[in-house]
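Have a look at the structure below, then the notes.
In each ligand, atom 1 is the first atom listed, and ligand 1 is the first ligand listed.
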Amino acid sequence: MLPRVILHTATSLDGRITGFPADLDVYYSLAAQWNPDAILFGSETVLAAVRDNPSLEIPPEHEEMFTPPEDAEKDPRPLLVIADSRGRVRCWDAIRKWPYMRDVLALCSSSTPEEYLAWLDGRRIGTIVAGSDRIDMRAALEMLHTRYGVNVVRVDSGGTLNSVLLNAGLVDEISVLIHPFIAGGKADPTLCDPLKAGIPELQIPLRLQSTEVVGDGIVWARYMVKGRTET
Ligand SMILES: NC(=O)c1ccc[n+]([C@@H]2O[C@H](COP(=O)([O-])OP(=O)(O)OC[C@H]3O[C@@H](n4cnc5c(N)ncnc54)[C@H](OP(=O)(O)O)[C@@H]3O)[C@@H](O)[C@H]2O)c1
């Protein structure tokens with residue numbers, strides 16, 4: 001079975017997902033309402049966070065940081081999942097310390113360097129290997145359900161992973177927080193970046209579910225993906 005998948009994104013009025021003051025309090029207060037079992041990040045999103053906060057990258061290494069939390073199965077907090085087939089994210093131990101997650105998990109593929117898989121294993125970071133070159137997201141989501149009991153996934157990611165998931169028919173809902181701000185600058189990254197994902201033909205019909213004004217003039221629009229189970 002596939003989990004329910006929700007893309008949750010903050011944008012400027014001109015469709016940018018960076019380069020404007022996103023209201024993170026509003027973003028995260030609404031993000032909790034789906035009660036997700038897992039939060040999915042693209043590797044570029046994590047690497048961008050490291051660029052903004054370099055101390056994430058090389059945390060001091062000590063045994064305690066590599067220890068998975070006890071009783072993770074009983075912990076109601078979501079699992080943090082990072083899609084990283086190329087083995088570029090190295091700040092797992094710092095992320096494992098975030099108080100909002102019960103544990104971390106890497107999605108990899110058969111092309112993921114052996115060195116990286118061994119590195120993850122040495123840090124007792126769980127992995128799902130799906131796909132030959134890039135990650136087969138359908139298979140990975142199915143494994144998230146069967147192995148980890150994940151029924152709802154919230155995707156806090158950039159336009160590349162969003163496009164891959166949409167193109168594979170895996171997304172149920174898109175939640176957009178449109179901020180009253182023109183970010184200007186260069187076009188990317190945006191909510192969907194099919195060119196970067198290698199799928200320029202991407203087209204996804206949506207049905208508007210609701211709109212609401214939240215926070216300081218932010219329009220919260222929720223769309224269901226036509227053809228998916230609409231609840
Ligand atoms: N405003 C917001 O709400 C918001 C939220 C999140 C992120 N962001 C911003 O978004 C930016 C990053 O966005 P991004 O689009 O560059 O990157 P991204 O979506 O975060 O990362 C790209 C992901 O797509 C995967 N991928 C690419 N092609 C694939 C394929 N063919 N099959 C399977 N997986 C594939 C990559 O996997 P591999 O690593 O395995 O190649 C990687 O995990 C950052 O600046 C971040 O700050 C904004």
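The part of R134 lying near ligand 1 is the side chain, judged by heavy-atom distances below 4.0 Å. In A48, the part holding a heavy atom less than 4.0 Å from any atom of ligand 1 is the side chain. Only the side chain of T18 comes within 4.0 Å of ligand 1, counting heavy atoms alone; its backbone N, CA, C and O stay farther away. With a heavy-atom cut-off of 4.0 Å, T9 touches ligand 1 through backbone and side chain alike.
Taking any N or O of T45, backbone or side chain, at least one lies under 3.5 Å from an N or O belonging to ligand 1. Residue A10 has at least one nitrogen or oxygen atom sitting less than 3.5 Å from a nitrogen or oxygen atom of ligand 1, judged on distance alone. The shortest N/O to N/O separation between V164 and ligand 1 does not fall below 3.5 Å. Not one N or O of H8 is nearer than 3.5 Å to an N or O of ligand 1, by distance alone.
For the ligand labelled ligand 1, residue G198 lies outside the 4.0 Å heavy-atom shell. Close to ligand 1: G159, with a non-hydrogen atom less than 4.0 angstrom away.
The protein heavy atom nearest to atom 14 (P) of ligand 1 is T160 OG1, 3.5 Å.
In terms of modelled atom types and a separation under 3.5 Å, the side chain of T9 and the main chain of V176 share no donor-acceptor contact.
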Quick one, E44 with K196, criterion salt bridge (Lys or Arg N to Asp or Glu O under 4.0 Å). Give me CA distance, side-chain angles, the key distance, then yes/no.
CA-CA 12 Å; E44 294 291 347; K196 257 199 318 206; over 6 Å; no

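Evaluated by nearest non-hydrogen atom to atom 19 (O) of ligand 1, the leading choice among T190, L161, N162, D156 is L161. Nearest residue to atom 10 (O) of ligand 1 from D133, I199, L7, I17 is I17 (criterion: closest heavy atom).
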